[in-house]
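Whatever order the structure lists them in is the order used to number ligands and atoms, beginning at 1. Computed from a predicted model, the values in this text were never measured in an experiment.
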Amino acid sequence: MSAVSPVPERTQVAIVGAGPAGLMLSHLLRLRGVDAVVLEARPRERVETRQRAGILEHGTVEALREVGADARMDAQGLPHDGFEVRFSGRGVRVDMQELTGERVMIWAQTEVTKDLIALRLVQGEPLLFDAEVLAVEDVETDAPRVRYRHDGREHVLHADVVVGADGSYGPARRAIPERLVRRFERIYPYSWLGILADVAPSSHELIYARGRTGFALASMRSPTVTRAYIQVPNGADAADWADEAIWDELSVRFALDDGSFTLARGPVTDKSVTPMRSMVTEPMRHGRLFLAGDAAHIVPPTGAKGLNLAVADVRVLAEALGEWFATKDETLIDAYSDSALRRVWRASHFSWTMTTMLHVDPDGDPFDERLALSHLHLIEASESARRALAENYRGFALGAL
Ligand code: DHB
């Protein structure tokens, strides 16, 4: 099944991309009485199986509740009160609940996406997979349109507004002339090798470690499934890493001087490499085209902000578009880009900090290495530093930044 209901030729909001941003937006708009069509270039099964991070901020959990995609999350998600930062053979616990009064939810992005898709299908609202967008046109007029190919034929979708939620390589953002866009980018000199394994997590909370030989992260997907990552050189191929070599490396990087940590090993069921970069596009709007999620910004995975930023973007955008369709008042849609970008830059700074503080760059400047270690020492010594880390990790409320 690729489409639910026939896709109309005209809608209020044409949404390009059925990742968390596009899907969540379609639901939030529906609750505000605004029609939308979601077009996705990839097949449904591909969208539903792409491994991504798994930490939901409080605001993201709230949004899933608002749209009614919370039943499985509540039954199977794992609320976490804190996490551990490990370095130089010792660990520091960051108690988010105590420091900020909030916690986060471990619930994988793949599951969020599946629930948002299922909900849209149940509601009979237009969502089309295998629909390759060829061009987003006339966004400077009040009659923008999206040309796309589906089942070997070309179609045109007319809309009042187009939202580009099609990732950083998608076609939507190309509808903004280059001369009007500023792009900020940082490439990191390492990547992540991630695994899923059928073994109970070795720690009941996440561990972010700056090990002797590099970063490692111990996460989980359920009480019986471990998710873990290690820093690897750019260009590394997952196929070159034997399972035992990965476990050995994880073991070294999580080791505690008092010998109290043991890593549980089990069958590895998935292995993949993620490159790391930061990217921000300014502005996030041009005429009747609005960008949301990865189409406008990329964060490195450390701290798991990608999905949370995408959801925050579309919460702000849904409110703004709802207001505009209801009253034609442009105040909120005019404020969208600046408002979203304030959060994007906060998350960009946070994920850059987490990344540089916890990774080891073998060719890096020793001065930077000393600064990273000093930041870890501050987190160990100062409750204020732990609170700042916890606040950023659990995320800021809408409008708080
Ligand atoms: C996960 C990924 C992250 O980038 C992170 O910071 C925490 C958890 C994960 O996949 O579980």
(message) Between ligand 1 and Gln51, can you find any atom pair, the residue atom being a heavy atom, that is separated by under 4.0 Å?
(response) no

(request) Report, in ascending order of atom number, the atoms of ligand 1 lying under 4.0 Å from any heavy atom of Gly303. (result) 6 (O)

(message) Heavy-atom pairs closer than 4.0 Å: do any link ligand 1 to the side chain of Pro301, the backbone, both, or neither?
(response) both

(request) Give a yes or no on whether a salt bridge exists between Asp257 and Arg90, defined as a side-chain N under 4.0 angstrom from a carboxylate O. (result) no

(request) Give me the one residue out of Trp241, Trp192, Tyr190 that meets side chain to side chain contact (heavy atoms under 4.5 Å, CB included) with Val232. (result) Trp241

(message) Using a plain distance cutoff, I'd like to know if Ile55 has any nitrogen or oxygen under 3.5 Å from a nitrogen or oxygen of ligand 1.
(response) no

(request) Apply salt bridge (charged side-chain N to carboxylate O under 4.0 Å, His left out) to Glu48 and list each qualifying residue two or more places apart in sequence or on a separate chain. (result) Arg44

(request) Show which atoms of ligand 1 fall inside a sub-4.0 Å distance from at least one heavy-atom site of Leu206. (result) 7 (C), 8 (C)

(message) Can you check which of Tyr208, Trp107, Phe83 brings a heavy atom nearest to atom 7 (C) of ligand 1?
(response) Tyr208

(message) Is it the case that ligand 1 has an N or O less than 3.5 angstrom from some N or O of Tyr393?
(response) no

(request) Check whether any N or O atom of Ser219, backbone or side chain, sits under 3.5 Å from an N or O atom of ligand 1, and answer yes or no. (result) yes

(request) Only pairs at least two apart or in different chains count here, so list each side-chain hydrogen bond (donor to acceptor under 3.5 Å, both in side chains) that has a residue in residues 288-304. (result) His297-Asp313, Thr302-Thr355

(message) Taking the six-membered ring for Trp, are Phe87 and His377 closer than 6.0 Å centroid to centroid?
(response) yes

(message) List ligand 1 atoms under 4.0 Å from Tyr229, heavy atoms only on the residue side.
(response) 1 (C), 2 (C), 9 (C), 10 (O)

(message) Checking a contact table here: which protein heavy atom is nearest atom 9 (C) of ligand 1, and how many Å away?
(response) Arg221 NH2, 3.4 Å

(request) Examine Trp352 together with Tyr188 and report whether their ring centres are nearer than 6.0 Å. (result) no

(message) Once rounded to the nearest 0.5 Å, what's the spacing between atom CD of Glu380 and atom NE2 of His375?
(response) 12.5 Å

